[in-house]
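All remarks here apply to the structure that follows.
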There are 2 protein chains.
Amino acid sequence: MLKTDWNEVVGFHGHQCPGLATGYRVALIALREMEQRRAIDEELVAIVENDACGVDAIMYMTGCTLGKDNLIYRDYGKQVYTFVCRQNGKAIRIAVKPQRGSVAEDRQRRIEHILNMPEEEFCTIKEVHIDIPPKARIFNSVICAQCGETVSEARARIKDGKIVCIPCAGEYTRGSTTPV
Amino acid sequence: MLKTDWNEVVGFHGHQCPGLATGYRVALIALREMEQRRAIDEELVAIVENDACGVDAIMYMTGCTLGKDNLIYRDYGKQVYTFVCRQNGKAIRIAVKPQRGSVAEDRQRRIEHILNMPEEEFCTIKEVHIDIPPKARIFNSVICAQCGETVSEARARIKDGKIVCIPCAGEYTRGSTTPV
């Protein structure tokens, strides 16, 4: 483990915690197993099955980020991470094993334990075959006839014959309960 | 603009592009208007209405990240960013204005333009009133009776009377087309 990397990940996340340590360790294993460096563009893709703290370490260390669209989030609540290389199609699945020790246990000790326990206790790693996810697409923008703001063509709606954005259409998609 | 910050954001994203510059500028304005520093925990919340490159700059600069659950993504395809401070309830909405200049225009020149154009040309900023989103919750984990992997209680399902995870239940949630 490179102390520098870990400190940088903590800096990005904002604080250290066992969840972050888990994601950090997964990321190191992934880069080693995939024989990849941090993704500059979309060459590496991560499919994460939770959105807990560890995902910040995955993004920081592997370059699979929300904004580059090479981080795919599946809301399964599982400590499972799959990585795919677009170039050679290689894919690995890392499943973190149940961890012993109660939540009440000393936080710093849990972090140290996660970072240093033998790898076979930490997770299982297996090569898998999956379809390579499509690359991010870039869409033109249009102006919403109601609010005058720009909206991606791919998300534009029609209301009373005019092009509008989703909030102006009165439609609120997933995760949205409070109109802004 | 601090050159160091921009270079760090580019390092996190993996490359520089106009989208990243947009998010970077939004983040700087947000921190100034909210009189906040980068979020260590969940004290600042960002609601982003797209998942394009700029979101990486928002995460890096404001500390509102996917893994900390203080980044809320709404799939509206809009260059609109709302920030809320949990402590004082202050909320601002930054809407990026349509940008002149074709996509074909020199990439580096577009980045420079986004970073340096007058603020009133770049965006509108207004104070808004919104409900403060609930804080991230931490759930216990259970073991899936089928695959033996851990799953968050909040995502566990029941199949043939046993506790299973979503993939084992044969249910694939949003964004998932390829079972892993």
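Source: prediction; values computed, not measured. When reading the values below, keep in mind they use all heavy atoms of this one structure, side chains included, and skip hydrogens, waters and symmetry mates. First the proteins, then the strands, lettered A, B, ... as listed; each starts at 1.
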A:Val26 and A:Phe83, any side-chain heavy atoms less than 4.5 Å apart: yes

Heavy-atom check, side chain of B:Gln108 versus side chain of B:Gln16, under 4.5 Å: yes

Side-chain atoms of residues 159-169 of chain A: list all donor-acceptor pairs with protein atoms under 3.5 Å, sequence neighbours left out, distances to 0.1 Å.
residue  : atom : partner  : partner atom : Å
A:Lys159 : NZ   : A:Gln146 : OE1          : 3.4
A:Lys159 : NZ   : A:Cys168 : O            : 3.1

Ring-face cation contact, A:Tyr81 with A:Arg93, 6.0 Å cut, 45° max: no

Close side-chain approach of B:Ser152 to A:Asn50, heavy-atom, < 4.5 Å: no

A:Ile29 side chain reached by A:Arg32 side chain, heavy atoms, under 4.5 Å: yes

Which portion of A:Ser141 sits near chain B, non-hydrogen atoms under 4.5 angstrom: neither

Salt-bridge contact A:Lys68-A:Asp41 (side-chain N to carboxylate O under 4.0 Å): no

Audit row: B:Glu119, B:Lys97, salt bridge (charged side-chain N to carboxylate O under 4.0 Å, His left out) steps and yes/no: CA-CA 10 Å; B:Glu119 198 163 290; B:Lys97 290 185 180 176; over 6 Å; no

Heavy-atom contacts under 4.5 Å, residues 84-92 of chain B to chain A: none

Cluster companions of A:Ile138 among Ile, Leu, Val, Met, Phe, Trp, Tyr (side-chain spacing under 4.5 Å): none

Contact class of A:Cys144 relative to chain B, heavy atoms under 4.5 angstrom: neither

Heavy-atom check, side chain of A:Glu149 versus side chain of A:Ile143, under 4.5 Å: no

Any donor-acceptor N/O pair, A:Arg74 side chain to A:Ile72 backbone, under 3.5 Å: no

Option that, when pairs with chain A are counted at under 4.5 Å, heavy atom only, ranks first among B:Thr124, B:Val151, B:Val96: B:Val151

Partner chain B: residue of A:Val55, A:Ile40, A:Leu20 with the largest heavy-atom pair count (under 4.5 Å): A:Ile40

Validation row: B:Leu71, B:Thr65 side chains within 4.5 angstrom (heavy atoms): no

Residue A:Val48 versus chain B: region with a heavy atom under 4.5 Å: neither

Contact origin within B:Ala52 toward chain A - heavy atom pairs under 4.5 Å: backbone

Contacts with chain B made by residues 56-63 of chain A (heavy-atom distance under 4.5 Å), listed by residue number: A:Asp56, A:Met59, A:Tyr60

